[in-house]
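Reviewing the structure listed below.
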Amino acid sequence: MAPKDSTFLGWPVLRQLASGDFLGRGTSVTSRKTREVEARTTTADRVVQSVCPYCAVGCGQKVFVKDDKVVQIEGDPDSPVSRGRLCPKGAASEQLVNSPSRQTHVLYRAPGATQFQRIELDEAIDMVADRYLEARANKWQEVDDKGRRLRRTMGIASLGGATLDNEENYLMKKLYTASGAIQIENQARI
Amino acid sequence: MGYLSRQLSGQTEPATDAGWQEAPRRQGFFTDTSICIGCKACEVACKEWNGIPLDGLAITGNSYDNTGDLGASTWRHVAFVEQSQDRIEAARESGRALVDLGMPSMGAPAPAPEPSIASPAGYGTLPAPIEGHGPALTDMLSEKANVEAGGTGDYGLTVDGVPIVGPVPEFRWLMSSDVCKHCTHAGCLDVCPTGSLFRSEFGTVVVQDDICNGCGYCVGACPFGVIERRTDSSVSVTADSHVPNVGVAQKCTLCYDRLSHDQTPACAQTCPTTSIKFGAHDDMVATARDRVTQLHEQGFTEARLYGANEHDGVGGTGSVFLLLDEPEVYGLPPDPVVPTAKLPEMFRAAGVAGLGLLGAVAISFVGSRS
Amino acid sequence: MANADCIIIQGSNMAECHPVGFQWVAEAKARGARVIHIDPRFTRTSAIADTHAAIRAGTDVVLLGALINHVLAKDLYFHDYVVAYTNAATLVSEDFVDTEDLDGVFSGYDPETGTYDMSSWAYDERKDGEGGTSGDDVGGPSGGHEHGASKSARAAGDQHGAAGPPLEHARVIRDETLQHPRSVFQVLKRHYARYTPQMVEDLCGIPQWQFHQIADALTQNSGRDRTTCFAYALGWTQHSLGAQFIRTAAILQLLMGNMGRPGGGIMALRGHASIQGSTDIPTLFNILPGYLPMPMVGKHDTYEEYLASISSPLQKGFWTEAPSYTASLLKAWFGDAATPDNNFCYDYLPRLTGAHGTYQSVMAMLDDEVEGYFVIGQNPAVGSAHGKMQRLAMTHLKWVVVRDFQLIESATFWKDSPEIASGELKTEDIDTEVFFFPAANHVEKSGTFTQTQRMLQWHHQAVQPPGDAQSELEFFHELGVRIRERLKDSTDERDRPLLDMTWDYPKDEHGETDAEAVLAEINGYHLTGDKAGQLLDKFADMKPDGSTTGGCWIYTGVFAGGVNKSKNRMPGHEQDETALDWGWAWPMNRRVLYNRASADPEGRPWSERKKYVWWDADAKKWVGKDVPDFPVDRDPAFRPDADIGGPAAIAGDDPFIMQADGKGWLFAPKGMVDGPMPSHYEAQESPVDNPLYSQQRNPGRLVYPRKDNLWSPSGDEPGAGVYPFVFTTYRLTEHHTAGGMSRWLPYLSELQPEMFCEVSPELAEQQGLVNGEWATIVSARSAIEARVLVTERMTPLTIMGNTVHQIGLPYHWGVGRDAVVEGDGANDLLGIALDPNVQIQESKVGSCDIRPGRRPRGEELLRLVEEYQSRSGTTVETGSQRVDDVSSQIRERRAATLETEGDR
Amino acid sequence: MTTSPFDSYRPPEEGRRKRRRDSGIRRAGDLAKGAQRSWLSRDGGGRREAPAVPDAEFSSYYGQAIVKPVPWDHKISAYLFVGGIAGTSGIIQAGAAATGNAVLQRNARLTAMTTVALSGAALVADLGRPERFLNMMRTVKLTSPMSVGTWILTAYAGFASVTTGAEVLRLLPARGPVTALTRVTDALGTPSTIGQAAFGAPLAAYTAVLLADTAHPVWHESRRELPFVFVGSAALASAGVQMVLTPTALAGPVRRLALAGVATELAAMHQLEEHLSDLGIDEPVTTGQGAGKLRLAKGLAIAGGVGTLLSGRSRLVAIASGVALATASALTRMGIVEAGIESAKDPKYTVRVQKDRLEKRRQQGNTEDSVVTVR
């Protein structure tokens, strides 16, 4: 190991003369930072196996976490689907997760308002729950014109799901159906 | 000077020259452009791993290339070239001409290898024999003779007597992922006055951004126009809007940090079609030669290697490419020579000039003793 | 796919949209496979393919039909396979009349409703049974499944969606010589007789030599020891007869014997991480989990009617177990409240009265019939057809909930949509309440995605979501809890489902709903007996008596033995290429559906090369590289009694076990609402007259004539010249759908920063377009601007002697202020015309004009669009009539086929 | 043209769609022309607009540069200019000392110190990270003209400070510390004077190598001529300065030096242009911005030379000539720098030189050293 850069003996000019690297190309000119180089993939606290969130090929991803922050996402060589490879979108997953412009607060826009305003998550869910039941009641259809049973509401529609987990789609369909909401769709039909 | 010139050109083991005792095998890339699909995953994976800032949000109108060229904030660049038939024929012809020139064959030309999973065939590759089925090269030749003799295609390779394989395509779209060449004799490295650029134990050329003082000399010394000094016009991609290493020379490090921990470089790891291959340099060169041989055997004489010759102007490149047309079509120099190769000559000329100056002054003072 | 000897990529740009999946194509190529790309544009896929054929958008049925004709006429089909495994030998009812005889419609067409009575398409039967129940209603069960089923499932002709159309029994008449004029084989032959190479050249613009090149590649690489694989994507589905495109390929693949075999099949390349899962466990209006239909009023009023409509007890296959699947689902949902006496709360389910798809909903919003809208991980303002209608509709809502990572255009439409810019809308006048909830992403929650080959993969949570961000699981569970809380004292009967619904899920250490518990509920449990409380091992364990639960029968087995198999992660290099120990594929971890077909009728592999699943005579069971998709101990020689049904009725040589007759359907007696065999119709908007029939467009398509959904004239209709060019929309590698996950990321944005249009040098010359400058594209709906990319990758086609120019438009950009890059949205040009089977809009082809320069701003934009409309004489009626005029005698003949139905 | 057994394998010509377009349709080359438009310049790009390249001569990648120009501006020209003056002044002061020309000696030494300080400043100012200029001292890189130059400059500055110190002390009243210091400078006087001269020559000459040791065609290809251009330029510039500062009676040697400098520079410059035009890359030095400066420089050099020759003994003419010569040198440096950067920005220079020499070698049957191989 070469002496500390700060010391006189660490002066590359002397290291040039001392080492075989007379022209100062390699061993003699490395800085301490270089000699102690680390990789995010090796310093991570844990590695979690995940799946790419973009298209439906289902490429395997390895998520590297340090201090409870995602520091790197790359292809999982173990995956027989993708063999560790990712497309540009998959390769950008880390940016998707840590995007500076990502929203982390609930925003509310009142009727006619020109701006969003922040509101509390808890309050927001309550507001939605109230409106959900109101819309459900307002547009409730118990029977059709022939008196046949419909027991549904046309007041609520939903779009989306192809980017979600199966478990999430399951709960959504269950809740909507039990509420009588039928206008449920997702990207499969876009 | 003798010692110096030996260090400045010709075949050599760069890591050893740089003082690395028992260095690992030299590492490098082989980029097979014939199977590149231009997805640009390499560009993104590289930027993501190395935290490289944004460099521009304008469309260029140059096919699908909105990156432009390699630079301080672009360490992988995918080139897109659209060509119609006449250009393809020209490329095929120029490639054939190279064969006729008796290009260095680096020992016995490798026999055409059976296509293997390791190296997926790509652009225009003809069907290879599958367990006796399917058209083999010989099948097609006999087929041709057969058809010309008024016979029918035994291998069903013909439409109305015209074989359906291997024509010069009417149009083609070349894609090629360019990267730092990690030259055996690296101009950028040798002209660096601070020792910021250094030769790693893997034989790669790396910038130490904590050392570089941004003199910019390396920029002019690179025969491939790879390295560049980062300006403050780069745009941050992080929340703190910090742009790293402004005023410092930047280029591909061949993921020195990953290599140091036995990991594949980000670009090679992500490449969906293994167009970018990574490994020991001589293995890469061998693979490259097999591949070009395979394509030639199949009649695609436009295929050629770039940088696989350790006798060339930069002593061979650490990143070897398989191209399908002349280098300049991809924005690569056709005969790169590292400027430092001529250093002894330059110093000699400067020395003479300097002595001349001394002499001239001396003479001007002759007989002017007051 | 890597095992294919020839790969035909059509209606997909695989290398660009699924680069990593494309590695298998590259590998097949390395092994010597031919790769053929058929697409309107020369794309990055074409660059690697051996052959690229530039086809006119929307004419795929002509090409595929011609291939069918080619293999039938020249006897190039896989005879043994076709006879044994398809319904080629089956006789069709005497009542059936083909489009060839009715000038563009099949028998049973009702011009009033624009729908078919399918009874005349039925098989002929040994004993006289009544014809089947009338066909699916519009957007009936087949909908979800059509787009949902992937690959072989669809390829096998399994079009009947939620088990869709039952056959009363399997007593069909077969003529194994295929000579009988009413045999499916002969019917098919006649139907496609006019689909010739010449027709391909004239209509698709593909020269005949190239057609032969494709045909030879296909035929030489199909048969006993070679297989060809088709890959398609939205280039096929997004048409007014998209489902029929896929059917045509399915027919072709069945004829070539490429179904249920390694390296064969039809691969659906899908665009979202769990789009397969979101149809298996649907957030779709028309189906329940496992492709069980949503009850339709009038058709499914009682539980019995409902079950009967799914399958008849006498038909073959696993759909006869539908009562078990349904009961288990209802038990999973309504728990103890669901009992045999109340039909497991079947009446809790709301009823459909027709199609309630996203486009119908949007039009309902415009009529103020919808109050609230949940937009979850989707960006309709940019990603849905007719963006303007989408955005206007949202301004009619009382409230909208948007859940996403970034402030997508659908969350900010009220302040920066194009309509604000054009003055049509004023922010202050928009009374819609907007709730934006930050969503958790894939590394911030655990759960399963189902990828395009039906494989479930568990993704583990890596970190906690930031700030208010939540998973949908957490949000909707919490919403449900609070809704139930508000209703807990309700005595209103309509609230019973919400209150009886099972909604108590364990929470993980972070207090969040445990996704694994939900997956377990989906898998299902034994409720009674010695196994009570244990997870089900297979869907065959489900019972119709309420003694089992299970939220989605096809997913049952993911928890076999109580182990979450979606977490299986045995490295690929440690197992064979089938990789059964990575993730879990439905059904029962089968990787290739109907793989019984990979062996000959006697159960021997068709060839050593294509060995996959075969009958081990000694062990008396099916063995091989994959889980047999067949009763494992069913002897090939077994022949069932015609009077029994269900799995027991599957003969030893009936590979297509989900089909009512166990055969692959060359002719669909049921399930396809717009015809038992695909016929070519021109797109809703097309510069070409349909030369095959006087019927220009698909008579079964869904059109919505309204002032805000106009169609430009087609073919030689007056005014068609005002919109002379064809445009097609598509994706780029560098972006993702409507951009919500890509246009906010600098690294992706810089790779494709601006909206552009691709035009041929000829078109550029003709219209004065300059590379890199601006151009304005005008359709009957809207006008957008884009940078011009002049490229020889776009080729003018000669169609029936005329030059047809096509324009390529990526659709990733939207007008907003929040994204890194923005631009006009190509989807704004589109109108709404839907495929009747699957309710998918036609977004792959439309008519437009293109001119140099930027589009006008403000109101001027509207003027421009109106000016074009009036110049072309476009009205609400244009392009909206269902049937085109035909001779009176044809009209009578058509009517006759309908009356016969009436009489029966 | 048959290039392989397979090329005869073709689908029938008739009925084939021709992708090949008739003339007048844009191709890659034309696209490059399109690339000239202003919208190309990237916001936040720091990118150069690519000049269009005629497709006929050779193909390029959308006309983009192959090599990147050094990120240098006229601070470097200034460095070359003052560095040259410093170096030569260092020799002049020795000559003056040897010939006991005290006035010339003092002026030369003060000039040397000032200019060497300026050159150092210019060098640091041109760095991307000026605060790190000391890293130049981190290593001694014989392969790096800039490193070698830095050490030359340092050594030179060391000697110069002693000699200059001596001159300064001489101007001060001899008492107290001054006397003590004078003793030191006297002791070091002679070796310093010689040292300064010894390092003066390389200081004036090495900058030619600094430029030549790059991939800029104009600089690299003129590597043999450039040193002589530069020493000539340095000589006439420093002589010019002394003609301005020093009474004509004492300026005889520098007038002779000026003439020698003018002669050398003109001759070498002529050689350089000849050589470049042989290579077909002389445009940057014969036409265009840089070339304009070079022509002007030539004119001023001749004028200054003639002035010196004819009436160097007239103080006014001497001053005028001196100024002319110095300006000429400055312009030469700027012209060379601009020409070199221009030759890097346009790929045609890079490609032309390389293809020609490649072709020449191939004709000689030498293919062993080609970067392109086929096996």
Side-chain angles (χ1 to χ4, degrees), chain B residues 34-41 43-44 47-48 52-64 66-67 82-84 115-131 133-135 155-160 162 164-165 169 171-175 235 237 272-274, chain C residues 2 5 15-16 19-23 25-34 42-48 50-52 209 212-213 215-217 219-221 225-226 608-609 732-734 745-756 771-773 787-793 795 820-821:
Chain B
S34 71
I35 53 172
C36 176
I37 55 172
C39 72
K40 305 178 191 171
E43 289 190 20
V44 176
K47 284 200 156 201
E48 196 274 322
I52 300 173
L54 195 62
D55 66 351
L57 285 173
I59 192 166
T60 64
N62 300 342
S63 193
Y64 276 9
N66 293 309
T67 305
E82 303 183 6
Q83 291 184 332
S84 45
S116 69
I117 290 91
S119 63
Y123 149 88
T125 305
L126 304 179
I130 308 173
E131 299 139 41
H133 301 88
Y155 300 91
L157 297 174
T158 63
V159 176
D160 314 328
V162 180
I164 59 173
V165 291
F171 176 84
R172 69 175 179 175
W173 198 6
L174 301 177
M175 295 147 199
V235 183
V237 295
T273 60
T274 67
Chain C
D5 302 299
E16 292 197 42
V20 183
F22 197 73
Q23 71 180 283
V25 177
E27 190 164 313
K29 205 165 187 296
R31 296 180 182 176
R34 299 288 304 282
F42 187 105
T43 68
R44 282 176 264 200
T45 307
S46 326
I48 292 293
D50 294 306
T51 307
H52 168 252
W209 68 264
H212 285 294
Q213 190 174 349
D216 289 13
T219 52
Q220 285 153 21
N221 291 294
D225 51 18
R226 297 179 82 77
E608 211 35 45
R609 264 192 89 225
L732 299 166
T733 311
E734 298 86 344
L745 308 191
Y747 288 163
L748 294 176
S749 299
E750 71 178 329
L751 298 179
Q752 289 292 3
E754 292 189 69
M755 171 67 184
F756 60 87
N771 187 59
E773 305 284 4
R787 294 288 195 185
V788 177
L789 213 52
V790 179
T791 170
E792 294 183 24
R793 293 181 289 102
T795 315
V820 177
V821 291

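Side-chain atoms are counted along with the backbone in the values below, which use heavy atoms only and exclude waters and symmetry mates. Nothing here was measured: the structure is a model prediction, and the numbers come from that model. Order of the sequence lines sets the chain letters (A, B, ...), proteins ahead of strands, with each chain counted from 1.
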Ignoring hydrogens, what is the shortest heavy-atom contact between C:Glu16 and B:Tyr64? Give both atom names and the distance. OE1-CE2, 4.0 Å
Mind listing the closest non-hydrogen atom pair of C:Phe42 and B:Arg172 along with its distance?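 Nearest heavy atoms, C:Phe42 then B:Arg172: CZ-CA, 4.4 Å.
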Identify which part of [X] has an atom lying under 4.5 Å from any heavy atom of chain B, answering side chain, backbone, both or neither.
| X | result |
| --- | --- |
| C:Ser46 | neither |
| C:Leu748 | side chain |
| C:Val820 | both |
| C:Leu751 | both |

So which of C:Ser749, C:Ala2, C:Pro19 has the largest heavy-atom pair count under 4.5 angstrom toward chain B?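 If we count pairs closer than 4.5 Å to chain B, C:Pro19 comes out on top.
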Between C:Thr219, C:Val788, C:Leu789, C:Val20, which residue shows the highest count of heavy-atom pairs closer than 4.5 Å to chain B? C:Leu789
Counterpart residues, ring pair (Phe, Tyr, Trp, His ring centres under 6.0 Å), relative to C:Tyr747 (two or more places apart): none
Taking salt bridge (Lys or Arg N to Asp or Glu O under 4.0 Å) as the test, write out the residues that go with B:Glu48, two or more places apart.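 With neighbours one apart ignored, the set is A:Arg40.
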Under the side-chain contact (heavy atoms from CB on, under 4.5 Å) criterion, do C:His52 and C:Arg793 qualify, and how do the steps go? CA-CA 10 Å; C:His52 168 252; C:Arg793 293 181 289 102; over 6 Å; no
